[in-house]
Amino acid sequence: KVMSCVDTPPPPSPLDPKMDAFWVKTSLAANVLLVVVLMTTNMINHEVSAPIRTARTMSAKGLLPAQTRMGFSPRTMRKTDFAGDLQREMDGWMAAASLRRAIEGPRVSGRVRVNAGAGGENTPVSLVLGGDGFCGWPTALHLSEHGHKVIIVDNLLRRKIDDELGTQSLTPITSPQERVAAWKEVSGKDIEFIEMDVSSNLAEVMDLMEKYKPDNIIHFAEIRAAPYSMKTPGNKAETVRNNLLGVHNVLIGMLEHVPDAHLIHLGTMGVYGYGTVDGAIPEGYVNVCMGSKEMEIVAPYHPGSVYHTTKCLDNVLFNFYVKNDQLRITDLHQGIVWGVETPETSRDPRLVNRLDVDSDYGTVLNRFAVQSALGLDITPYGTGGQTRAFINIADTARCIRIATENPPDRGERVKIFNQVAESHRVRDLAGMMEKLSPAGAQVKMVPNPRNEKAENELDVINQNFRSFGWDPVMLDQGKAQELVDTIVKHKDRLIKTNLNPSSFWGKKQADACTKEPEPVAA
């Protein structure tokens, strides 16, 4: 039974025929409007789910490449189709969100109120914690370009780790002060830089929140490399201390001074593990039965390193502070980042982003690109059968901006988005880079320093960002060639000895990777 959503008051008198006719017409118009809204919602729901059905059909017919598995997945499960129920529920959410945006436009923070611009518009204040890093720097520029007042907060730990490891960014990055000065020259926009460690001094974090009253807090300020977090006992302890205390200090500062601010945290797809889910990885939540009760829970974690474990624990803290204090938090589970330049960083050589290619901090595609460009062996670990999710560095910045424009409401659960564009098998990427090599590089499998499955499939749901109109940069040979060309320009800065694995998940992996090859008999 469909009930009218408009509460129409009764006519003042049944004896007045003119007024009686007026209210009849008003009630009829309200019900017609309700039918139109319901029909529109159903059409949007169909449009959201249609690409998934189409992609699944194309895959079954062999029309999609095997390495690309975004946006669709098998829904067949034993006994009860929980995955299908979840997908249908998500389709409904996305349809409702699309309808709201079509009517209202992007949702902005309820507390945006600062620094009115020349045209009277509001300027959101965004703290970018870890804004000197690989993801933080291009994000800070992108937000500034799109009208945010940006304050970068960074303790420069990533630069200090370069000194510790005896390595450096392949691209020649300038100091934070030179970077923000160059951005002012080319854009006319100010970015403030503050050197601060958010993990070590709660009082400073509290003062920071009180002074700037941010609308958005973008949190990149964590040790981000799985190999580095597994390198030594000291690295394991420091990764846990830095990452968890930093997040918790930020949450306390928010609660005390800006409880209506929006925290956007960069997480990782690695919290789910690989090859652990029968079907597609959901966007944060699943429906389960506990006895006779059906309930929604956070998707189970299966971290593969100390670093990934800290990201799981971050989410536990987020859920507590949302439940207890109704903070507004978005957790972005990001795939492996590839690329180096964005539209903003390419505007001046002094704005160039860092490019890590060593075995601890270099992401897999960037490492392969270096090996391809310089004619070195392209070295997948193990069989190269690991399938991973990927995203371009420019899309990292774009997704963060989209998140700032669509915050959760106070009391709404932690928003979790899978921030990924596509998935690829590692050995397929190695083969592509071999073909692009200007110096004749060849693929050579090496022992795996990690404790992980040799082969896995990976299907990921990424409809949340797609529903906001995000059109990601996809990896192809042209984009890969651009990356190789960039590397060739800076090849003299490469420290080749840092390309070989030097962090191991255990003694078994260390022995396999460091074992001397047996001499070949004459």
Side-chain angles (χ1 to χ4, degrees), residues 69-70 130 133-135 219-231 235-236 239-240 242-244 246-247 264-277 279-286 298-318 330-338 356 359-367 380-382 384-393 395-396 399 414 416-426 429 448-462 501 503-506 509:
R69 302 181 178 87
M70 285 293 100
F134 175 55
C135 293
H219 193 9
F220 297 107
E222 296 184 89
I223 293 174
R224 66 171 176 83
Y228 182 81
S229 77
M230 300 294 292
K231 199 175 192 70
N235 285 38
K236 294 176 181 179
T239 299
V240 172
N242 180 85
N243 292 4
L244 292 183
V247 162
I264 300 170
H265 172 260
L266 192 69
T268 170
M269 285 297 300
V271 299
Y272 299 118
Y274 297 99
T276 61
V277 177
I281 294 176
E283 300 210 81
Y285 299 92
V286 294
V298 176
Y301 299 134
H302 200 82
S305 72
V306 170
Y307 157 73
H308 293 111
T309 302
T310 65
K311 295 293 188 177
C312 300
L313 297 173
D314 288 344
N315 192 262
V316 174
L317 286 171
F318 298 154
T330 298
D331 200 6
L332 305 176
H333 292 171
Q334 179 166 262
I336 297 171
V337 184
W338 61 274
D356 300 308
S359 62
D360 280 331
Y361 272 87
T363 59
V364 61
L365 184 59
N366 286 353
R367 286 195 303 106
Y381 296 155
Q386 309 92 333
T387 304
R388 298 291 184 263
F390 292 86
I391 184 171
N392 181 260
I393 183 63
D395 280 324
T396 293
C399 286
V414 177
I416 300 178
F417 294 173
N418 289 339
Q419 189 165 299
V420 299
E422 57 194 325
S423 63
H424 294 280
R425 198 175 298 276
V426 168
L429 296 177
N448 195 342
R450 305 183 180 214
N451 182 12
E452 62 186 5
K453 288 188 175 183
E455 306 269 338
N456 72 275
E457 300 298 324
L458 182 64
D459 296 317
V460 183
I461 295 172
N462 69 340
S503 299
F504 309 102
W505 266 237
Q509 288 78 23

State whether a side-chain donor-acceptor pair under 3.5 Å links R224 with N243. no
Give the minimum heavy-atom separation between E452 and Q386, together with the two atoms involved. OE2-NE2, 3.1 Å
Check: N418 main-chain N/O paired with N462 side-chain donor or acceptor under 3.5 Å: no
Dump the intermediate steps for side chain to side chain contact (heavy atoms under 4.5 Å, CB included) on N366 and F134, then the final yes or no. CA-CA 12 Å; N366 286 353; F134 175 55; 4.2 Å; yes
Using only atom types and a distance under 3.5 Å, with no angle test, would you say the side chain of R425 pairs donor to acceptor with the backbone of G385? yes
For D331, check salt bridge (Lys or Arg N to Asp or Glu O under 4.0 Å) against everything at least two apart and list the hits. none
Smallest separation among heavy atoms of G130 and F220, with atom names: O-CB, 4.0 Å
Could you please spell out the steps behind the side chain to side chain contact (heavy atoms under 4.5 Å, CB included) verdict for T310 and T239? CA-CA 8 Å; T310 65; T239 299; 4.2 Å; yes
Who pairs with K231 by salt bridge (Lys or Arg N to Asp or Glu O under 4.0 Å), at least two apart in sequence or on another chain? D360
Before you tell me yes or no, could you show the steps for D314 and L244 under side chain to side chain contact (heavy atoms under 4.5 Å, CB included), namely the whole-Å CA-CA distance, both residues' side-chain angles and the distance that decides it to 0.1 Å? CA-CA 6 Å; D314 288 344; L244 292 183; 3.4 Å; yes
Apply side chain to side chain contact (heavy atoms under 4.5 Å, CB included) to residues S503 and Y228 and explain how you reach the verdict. CA-CA 7 Å; S503 299; Y228 182 81; 5.7 Å; no
Shortest non-hydrogen contact from L266 toward Q419: CD1-NE2, 3.9 Å
Strictly distance-based, threshold 3.5 Å: is any side-chain N or O of T387 a donor or acceptor partner for the main-chain N or O of N456? yes
Test item: H302 side-chain N/O and G304 main-chain N/O as donor-acceptor pair under 3.5 Å: no
Can you see which heavy atom on P227 is nearest to which on R450, and at what distance? CG-NH2, 3.5 Å
If you take all heavy atoms of Y307 and S229, which pair is closest and at what distance? N-OG, 3.1 Å
Compare all side-chain heavy atoms of E222 with those of K311 and state whether any distance is below 4.5 angstrom. yes
For Y274, check side-chain hydrogen bond (donor to acceptor under 3.5 Å, both in side chains) against everything at least two apart and list the hits. none
